[in-house]
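Everything numeric in this text was worked out from a predicted model, so none of it was measured.
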There are 2 protein chains.
Amino acid sequence: MAHPHMDLRDFPETLLRAREKRYALAAFVHCSVVYSGRAEATLGRGDRLLILKSDGTVLIHQPESSVPINYMKAGSAITVEEVEDHFLIRVANVAEKSALEIELFRVYECIARELSDGQKQDLSGHERDMSDWIRDNPTSMGDGFRPIAREEHTDVGFIDVFGHDGDGGFVVVECKRVTASLTAVDQLRRYVERVSAIKGTKNVHGILAAPAITPNALEMLLSYGFTYRKVDAPKRHLRWNAQQKGLAEY
Amino acid sequence: MAHPHMDLRDFPETLLRAREKRYALAAFVHCSVVYSGRAEATLGRGDRLLILKSDGTVLIHQPESSVPINYMKAGSAITVEEVEDHFLIRVANVAEKSALEIELFRVYECIARELSDGQKQDLSGHERDMSDWIRDNPTSMGDGFRPIAREEHTDVGFIDVFGHDGDGGFVVVECKRVTASLTAVDQLRRYVERVSAIKGTKNVHGILAAPAITPNALEMLLSYGFTYRKVDAPKRHLRWNAQQKGLAEY
DNA sequence: TACTACATCTCGCAT
DNA sequence: ATGCGAGGTGTAGTA
C-alpha cells in the first residue's frame, strides 16, 4: 500500500490532467496557504490533505478537525505554475470575489480519479417534520388550538405554524428541533409582533415548541407572556438506540 | 500516477493499520451510507472520497460540492467488519449520540500517511476586528460617543461595543461583518433592553454597524429608534484587488 | 458541561 | 441577485 513519494515536478501535469478529465484529486502535501476574499488569512507550512473536485471545489484539511482549514467553493478556476523551488496553485472565484494561493513544497502521495455518483441523501427529522406533526396534533399546543397554515409564505411571513386559539385570538408557533435559545425567542417575538401589526390586534399568543429550552430563553419567553411546549423532533435516534449496547465496547 | 485498483479484502488491514499508526487516510470508494443521530439519513450507492483522520474524524465527499455529504466529528470510534460480499465501516460517537454506517463495495484507490502540522491560521477581517476599529475610531458612531468596553463579558453581557453618548445616556453597538438582517436587529434590541433593565434607564441608544443592511432590517431598526452606521470590516480584499486584473484570463 | 454568538458559515427557497 | 431562515450546522470563548 505504500506509494513512493511523488516527484514534485510531476504534480502540475497530474493536476492539469485531472482537471481536464474532470477527475477528483486527493493528495497529502506540504504547503502554505493564503486566502483573500471575505476575510484575509494566512497559514504557515505544514502537512495537509489537499482535495480538488471537478466542479472547481478546493479543500485543504489539516491532520485533525472535521472542517477544512481553507476552502474554495465550486466554480473556482485553478491554475498551477512553477515558482523557484516550489509550485504555486492559484484558485480564483470571480462570483465570490475570493482567491486562494497554495504554495506547494512537497507532494507525498496523490490519487486522482473520475467519480460517478448521482445519489441524493434522504433525510428525516428536520424542523419541517416537527411543524407537520404539530399541525396534525394541534392539541399538543393547548386545547382549542386550530392551525390554519404551516410553513407557508403568507401575509405574515415565515411562520412555522399559524392558527387560532379557541377564543378569537391568533397563535404563532415557532419550532426548534434542538434546544431553543435566546435567538429563538427573538424570532418568535418578531413574528408575534408582525402578526399583531398585520391583523391589527394585540390578541396574538406566541408558543415556542422545542425539545428543550435554555434557562435564559425560558425567562425571556415568559416575560413576554409566551409559552414553551416540549416537543421532540420525530424519528430521531432510530439506529442510534439500536446500536446503543454495542457501543460499550469502544 | 495510476495506482492499481486495490483489492477490497486488503482494505480492513489498511484501515486498521492507519488507525493504529495515527495516519490520515483518503480513498476513492464505492459505498452507501446510513446516518443516525441528530437526524436520520440514508445515501444510496455511489463513488465518493472517504477520509479518515487520526482524531476520529470521518468525511464522505461526493464528486461535487464543497461540503461533505456525511461526516462524523473528532472522537468517533471506527471499526470495520466483513459482511457477505462487502465491508461495513461503523463509526460511532458517544458524546454526539450519533452513528454512521458505511457499506463499502469497492476501493478504487487509497493513500494513508502520517501528517505533521502545528500551524494555526492567522485570520483578519472578522467581527472582532470591526469592534476594535470602532473602539479606536469612536467618532464613526457619532459625535460624543465614548466607548467603555469592547466584546467583554460585563454585567450587560455579550455586547460588541458599549459606551456613553455625550449626554448621560448609554450606547450599545452591534457589529456585523456582512449585510445586517432582521436577526441582527433582534439581537441589538435584546441587548438594548438588557442594558436598560440593568442600568435602570430608558436612555439607551442602539447602533447597528455593518457594511450594509437589508431594507426590512433598516425599517425595523428605525422603528425602534436605533441607528445604522455603515462600517466595512477592516483589511478586506487586499490580495483580491491585487489579483483582479489577472482574473480576466480564467 | 451548558450557553452564547460568530462563521470566508453553507444551503435551499421564495421574491 | 437578494432576503430570509434552517442546519446532523461547527467552533471558540466563557461561566
- Task: Using the P atoms only, state how far C:dA5 lies from D:dG8, rounded to an integer number of Å.
- Result: 22 Å
- Task: Let me know the distance between CD of A:E127 and P of D:dA6, rounded to the nearest Å.
- Result: 5 Å
- Query: Taking atom C1' in both C:dC6 and D:dG7, what distance in whole Å separates the two?
  - Reply: 15 Å
- C:dA7 and D:dG5: how far apart are their C1' atoms, nearest whole angstrom? 16 Å
- Message: Near DNA chain C, counting only heavy atoms under 4.0 Å, which residues of residues 58-76 of chain A show up?
- Response: A:I69, A:N70, A:Y71, A:K73
- Closer than 4.0 Å, any side-chain N/O of A:R128 to the OP1 or OP2 of D:dG7? no
- Query: Can you find a side-chain donor-acceptor pair between A:T214 and A:N216 that sits under 3.5 Å?
  - Reply: no
- Task: Answer yes or no: does a side-chain N or O of B:T214 lie under 4.0 Å from OP1 or OP2 of D:dT2?
- Result: no
- Message: Just to verify, what does A:R194 make a salt bridge (Lys or Arg N to Asp or Glu O under 4.0 Å) with, not counting sequence neighbours?
- Response: none
- Task: Using a 4.0 Å heavy-atom cut-off across all strands, classify A:Q121 as base, sugar-phosphate, or nothing.
- Result: nothing
- Note on the structure: Judged by nearest nucleotide, the residue sitting upstream toward the 5' end of DNA chain D, B:A41 or A:Y191, is A:Y191
- Item | Residues forming a ring-ring contact (aromatic ring centres under 6.0 Å, His included) with B:F170, sequence neighbours excluded | B:F162, B:H164
- Contact under 4.0 Å: A:R177 side-chain N or O vs D:dG8 OP1/OP2: no
- Could B:R45 and B:F105 be counted as a cation-pi pair, given that NZ or CZ must be under 6.0 Å from the ring centre and within 45° of the axis? yes
- Identify the 5'-most and 3'-most nucleotides of DNA chain C with at least one atom closer than 4.0 Å to a non-hydrogen atom of chain A. C:dC3 to C:dA14
Can you pull every protein N or O that's under 3.5 Å from an N or O on nucleotides 12-15 of chain D?
none

- Note on the structure: Sequence neighbours excluded, the answer for side-chain contact (heavy atoms from CB on, under 4.5 Å) partners of A:N137 is A:W133, A:S140
